[in-house]
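This report refers to the structure that appears directly beneath it.
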Amino acid sequence: MGLDDDGIAGITGDRLPDERRIEGDLSESIRPGGALWALASAGPQLRESAALAADAGLGALAEEGRPRALVVAGVGTAARTGDILATVAGPRCPVPILGHRSAGVPGWVGAADVVIAVSASGRSPEALAAAEAAARRGARLVAIGAPDSELQSLAERARAPFVAVPRRAPARLSLWALTVPVLMAARELGLVSLVEADIAETARRLDEDAERCRPDADAYVNPAKELAMNLAGSIPVVWGSSPLAGVAARRFGDMLAANSRYPVVSGELGEVGRGRVGLLDGVFGSLAEGQKDIFADPEEDEDLTRLRIVLMRDDGLDGDDSTPKPDTRRADAVADLASRRGIRCDVIPAEGGCALERLASLIAVPDFASVYLALAHGLDPMRVPAVSEMKDLTLGAE
Ligand SMILES: O=P(O)(O)OC[C@H]1O[C@@H](O)[C@@H](O)[C@@H](O)[C@@H]1O
């Protein structure tokens, strides 16, 4: 498809996935600025951002002590950083951490609270309005985003710390660069314990996963290519077995939608058991798998769209008595339910010695898989015409 009368420009791609497309020449994606290049820079992003945040004067935040509440304001990937902070801080966090995804800040925010406004471009109306509202109400403000942006000017006018995160790729490919300053601001406020070794270990794991997922590693040794081809042609259902794994599951949902353009169901198993698990008995679940009609056309059977489960499994940290161990019974039950119905299931286990590293271990390979799945369909993961058109059509709506 190319340009048509409705102005749908630049939509390329093939309905059928072809593994050869991810075994061949991927130079477009690995050149600087390309999607695979950006994902491979996750570890360096994390280290660079930690250094930038350390120099941004975040210490001033601590002067007025612990806040009443912390609001992380932004949209899209910027908002996911708030979910990451909440899960890394864990259930024992002494103050509420709230993600705010619409313009401004909640009505109750005042001088006792802290607002972190995040925007990769430094110009999302939601983050700008939040920073403005926070300053007006006398809340402590931190802003994180592109250098020389409107967000930076706003932060400077409000005399608030600003962490300038270089913009080298779209927001969704800059998750780690945006997340670390949010975590470090919360650390200054005493809301999260994150030692330097945690940051170093997480960066090292991201480096190692990038190495395993590198473009010239074939599918049989590359877990991201394998996951991409397992999901190809299916409706992915991504479920996380704990709050932490639930954040990773929703992140995979973001990436599969934006990069691979797949519809996806994602969330935490805690709520799944209350109804969503019913999907397994539906048109794309057991009804597709159970079509064993001997008169059926085998080709038609091949064509049926099926669910494919990705179970992100977090068994908790050995030796950590400060947080309750995640209940793994639901993960076992879902795997069992799927196998009884013939629905295939990929399990990704969380690994690592701290919450941040465990989260990274659930995000890195799926991030790469979303790009490989796009490439297998001949889609350009960097250009999402529908998102650009949506922005054009709603310009000035806020
Ligand atoms: O982080 P900023 O630049 O505010 O963008 C926020 C979000 O905007 C949306 O339109 C998309 O482009 C998302 O991928 C992005 O995360």
Side-chain angles (χ1 to χ4, degrees), residues 10-11 33-35 38-39 41-42 45-46 48-49 52-53 71-85 99-105 115-134 141-155 160 162-183 185 247-248 250-264 266 363 366-367 370-371 374 379-398:
I11 299 181
L39 288 180
S41 76
Q45 272 183 37
L46 198 136
E48 181 188 39
S49 232
L52 291 168
V71 175
V72 180
V75 282
T77 302
R80 282 272 169 259
T81 67
D83 301 340
I84 294 181
L85 169 60
H100 188 69
R101 292 171 154 86
S102 47
V105 290
V115 173
I116 307 183
V118 190
S119 168
S121 61
R123 54 191 169 88
S124 83
E126 292 82 359
L128 292 174
E132 222 158 13
L141 170 68
V142 185
I144 297 163
D148 306 317
S149 60
E150 251 181 277
L151 188 60
Q152 174 160 17
S153 322
L154 238 156
F162 178 73
V163 185
V165 175
R167 195 144 194 253
R168 303 196 180 102
R172 65 184 179 282
L173 303 173
S174 311
L175 176 72
W176 300 105
L178 294 171
T179 297
V180 172
V182 174
L183 294 172
V247 173
R250 285 190 289 273
R251 159 72 177 176
F252 196 20
D254 297 341
M255 294 293 265
L256 283 169
N259 298 330
S260 340
R261 330 276 145 93
Y262 267 52
V264 53
S266 64
I363 288 180
D367 270 8
S370 72
V371 169
L379 286 163
D380 178 355
M382 299 298 270
R383 294 192 60 236
V384 194
V387 171
S388 320
E389 282 168 49
M390 179 98 179
K391 275 185 185 155
D392 290 345
L393 291 170
T394 55
L395 207 68
E398 280 90 358

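Model, not experiment: these values are computed from the prediction. Computed from heavy atoms alone, side chains included, the values below leave out hydrogens, waters and symmetry copies. Counting convention: from 1, in listed order, for ligands and their atoms alike.
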For atom 13 (C) of ligand 1, the protein heavy atom that lies nearest, with its residue and separation
Gly76 CA, 4.5 Å
Test your reading of the structure: does Ala120 have an N or O sitting under 3.5 Å from an N or O of ligand 1?
yes
Part of Ala171 within contact of ligand 1 (heavy atoms, under 4.0 Å)
side chain
For atom 16 (O) of ligand 1, what is the closest protein heavy atom, and at what distance to 0.1 Å?
Thr77 N, 3.0 Å
the protein heavy atom lying closest to atom 6 (C) of ligand 1 turns out to be Val75 O, 3.3 Å
Restricting to side-chain contact (heavy atoms from CB on, under 4.5 Å), what partner residues turn up for Leu52, sequence neighbours left out?
Glu48, Val163, Pro166
Identify the two heavy atoms, one from Asp83 and one from Val247, that lie closest to each other, and give their separation to 0.1 Å.
O-CG2, 3.9 Å
Search all heavy atoms of Ala146 against all heavy atoms of Ser121 and return the closest pair with its distance.
CB-O, 3.6 Å
In this structure, atom 4 (O) of ligand 1 is nearest to the protein heavy atom Ser119 OG, 2.6 Å
What protein heavy atom lies closest to atom 10 (O) of ligand 1? Include the residue and the distance to one decimal.
Lys391 CE, 3.0 Å
Tell me if the CZ atom of Arg101 is crowded by more than 12 foreign heavy atoms within 6.0 Å.
yes
Contacts of type side-chain hydrogen bond (donor to acceptor under 3.5 Å, both in side chains), residue Asn259, not counting sequence neighbours:
Arg172, Ser370
Can you tell me the protein heavy atom closest to atom 3 (O) of ligand 1 and the distance?
Ser121 OG, 2.6 Å
When you measure from the side chain of Ser119 to the backbone N and O of Ser124, does any donor-acceptor pair fall under 3.5 Å?
yes
